2 protein chains.
Amino acid sequence: MSEPASESAGTAVNSGLRRSRFSFNQITAKLWGLEEMVAGCVAAGVDQVALWREPVAEYGLARSAALVRDAGLTVTTLCRSGFFQLPDWFDDNRRAIDEAAALGTKVLVLVSGGLPDGSRDLAGARRHVADAIGRLAPYAAAAGVTLAIEPLHPMYAADRCVISTWDQAMAIAEQHPAGQVGVTVDTYHLWWDDTVLEKIARAGERIAIYQLADWITPLPAGVLTGRGLPGDGCVDMRAFHDAVDKAGYAGPIEVEVMNAGLWERPGREVLDVTLTAYDSVF
Amino acid sequence: MSEPASESAGTAVNSGLRRSRFSFNQITAKLWGLEEMVAGCVAAGVDQVALWREPVAEYGLARSAALVRDAGLTVTTLCRSGFFQLPDWFDDNRRAIDEAAALGTKVLVLVSGGLPDGSRDLAGARRHVADAIGRLAPYAAAAGVTLAIEPLHPMYAADRCVISTWDQAMAIAEQHPAGQVGVTVDTYHLWWDDTVLEKIARAGERIAIYQLADWITPLPAGVLTGRGLPGDGCVDMRAFHDAVDKAGYAGPIEVEVMNAGLWERPGREVLDVTLTAYDSVF
């Protein structure tokens with residue numbers, strides 16, 4: 001009887017290890033108030049969260065920082081800076097870096113933004129992103145914040161993120177020291193790419209954060225709010241786990257799911273189903 | 001005064017050359033009856049069309065073939081075969097090849113299909129597509145039909161087409177003689193890829209057909225019927241023209257636009273705006 005018991009204990013340990021890496025990304029329960037979310041996470045034994053700039057600004061930056069600190073929560077990432085097609089990108093991104101530092105997070109997720117209005121110059125927009133990150137990297141480094149370039153699915157290339165592939169993100173990141181500029185591995189955005197797993201496995205410390213969401217169809221209008229909880233769609237999550245493991249990434253694993261149906265449910269319920277989904281893919 | 005006249009004549013000649021390469025893809029006016037579409041094209045001086053299997057079957061294959069032949073129209077492609085996740089893919093694709101041959105078209109557009117129900121094995125699905133094309137190529141060759149693998153935008157990888165990139169399509173095509181298996185260049189599906197233009201420019205006779213549609217946002221639910229007429233979106237059409245020109249492609253140029261708003265308009269009006277859009281991007 002000792003073997004089954006030992007196996008069971010082993011499973012529990014692994015499960016516990018994985019659970020300790022879980023981070024609840026605030027957008028998954030978009031309508032949950034910050035105070036309620038922090039209390040809900042503490043009650044559920046979750047000690048890592050990813051925050052978004054807008055709700056943090058609404059609650060107040062210093063108040064938010066105190067709230068999560070007093071609750072013993074670690075902020076795994078702040079989402080998100082970038083949007084370099086906007087005129088005030090430089091100032092806004094420096095503010096985002098300051099906010100990340102104030103929240104005590106080491107990682108600022110960066111979504112590059114789309115084409116300027118009326119532009120067809122995708123290559124030019126991509127060059128601008130690389131230049132912009134080059135201008136921000138020293139400021140981020142001084143603040144102790146890693147810029148985590150997030151390649152978004154190519155369906156967002158026009159209006160949200162001109163950085164569409166792992167290769168593009170890595171090519172920019174590699175112009176800087178690894179601690180300054182890294183890449184966000186988000187299963188939702190990368191799963192279609194037949195070359196990405198082997199590249200992630202070789203990415204080493206360039207992986208700044210690992211985020212889970214699943215691909216489900218049909219896509220809703222606007223293609224923003226139809227993502228699935230891990231396990232609900234067709235992404236081979238275990239293949240991604242293997243790839244980030246091979247890379248040596250041992251950091252937090254965020255579940256970040258934008259889903260209109262999920263947002264209608266009470267926050268604590270969203271956290272519970274998120275935890276169940278998370279456990280299911282390990 | 002002779003120089004302006006000469007320039008004007010030159011423009012007219014170029015415009016005429018481009019116009020002579022125009023092919024009206026039937027899906028652009030999805031609800032236009034086949035007889036009316038053929039008559040409308042003849043009246044507009046358009047002598048090339050791309051047909052779809054479903055309306056051809058509805059009108060009757062032999063009748064459709066006679067209709068377009070008697071009208072003096074060339075069928076540039078038949079759309080579309082593939083969908084290799086379905087159980088009857090082998091027989092259905094052989095029928096599609098027969099249909100293409102009966103219509104006198106040399107090119108059958110091939111959309112691979114998505115993942116089998118419940119599957120997460122994207123790599124496996126892609127291997128199956130390569131195998132399936134290998135089994136069909138000899139039959140297509142005997143019928144004088146080129147299989148034109150169409151890489152679809154990665155947003156269709158789950159449910160419509162697991163071949164998401166130019167590289168994947170070319171890797172399969174290159175296992176066969178160029179006349180047997182080629183690739184479809186569709187601006188809508190490929191525009192986001194920062195490596196694609198240089199690859200198209202080197203693709204030579206692998207380019208089986210060149211199709212135009214523009215990327216406009218926001219995407220509608222289901223992401224199928226929100227494509228733009230050439231010039232209405234953010235695709236740099238001239239960069240694509242340059243690339244196919246460099247490759248030596250001198251074949252037909254189809255406008256293939258799936259757009260719910262366009263479908264509501266009378267067919268002849270759709271053809272007119274399509275021609276205007278086509279001329280605008282040359």
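Proteins come first, then strands; the chains are lettered A, B, ... in the order of their sequence lines, and each starts at number 1. The structure presented is a predicted model; accordingly, all values stated were derived computationally and were not measured.
Closest approach of B/Met155 to A/Leu219, counting heavy atoms only: O-CD1, 4.1 Å. The two atoms that bring B/Ala158 and A/Cys234 nearest to each other are CB-SG, 3.6 Å, heavy atoms only.
Neither the backbone nor the side chain of A/Thr195 comes within less than 4.5 Å of any heavy atom of chain B. Proximity to chain A (any heavy atom under 4.5 Å) is restricted, for B/Pro220, to the backbone atoms N, CA, C and O.
Within the 4.5 Å cutoff, the side chain of A/Thr165 has heavy atoms near those of the B/Trp192 side chain.
Taken from OG in A/Ser164 to CG in B/Asp194, the straight-line distance is 7.5 Å, to the nearest 0.5 Å. For the atom pair B/Trp215 CH2 and A/Asp159 CG, the distance stands at 8.5 Å (nearest 0.5 Å). One distance of note links CG of B/Asp121 with CG of A/Asp236; it measures 7.5 Å at 0.5 Å rounding.
No more than 12 heavy atoms of other residues, nucleotides or ligands sit less than 6.0 Å from atom CG of B/Asp117. Around the NZ atom of B/Lys246, the shell of radius 6.0 Å holds no more than 12 heavy atoms that belong to other residues, nucleotides or ligands.
Formation of a donor-acceptor pair under 3.5 Å by the B/Arg120 side chain with backbone atoms of A/Gly231 is found in this model.
Of the listed residues (B/Gly233, B/Gly114, B/Ala239), the greatest number of heavy-atom pairs within a distance under 4.5 Å of chain A belongs to B/Gly233.
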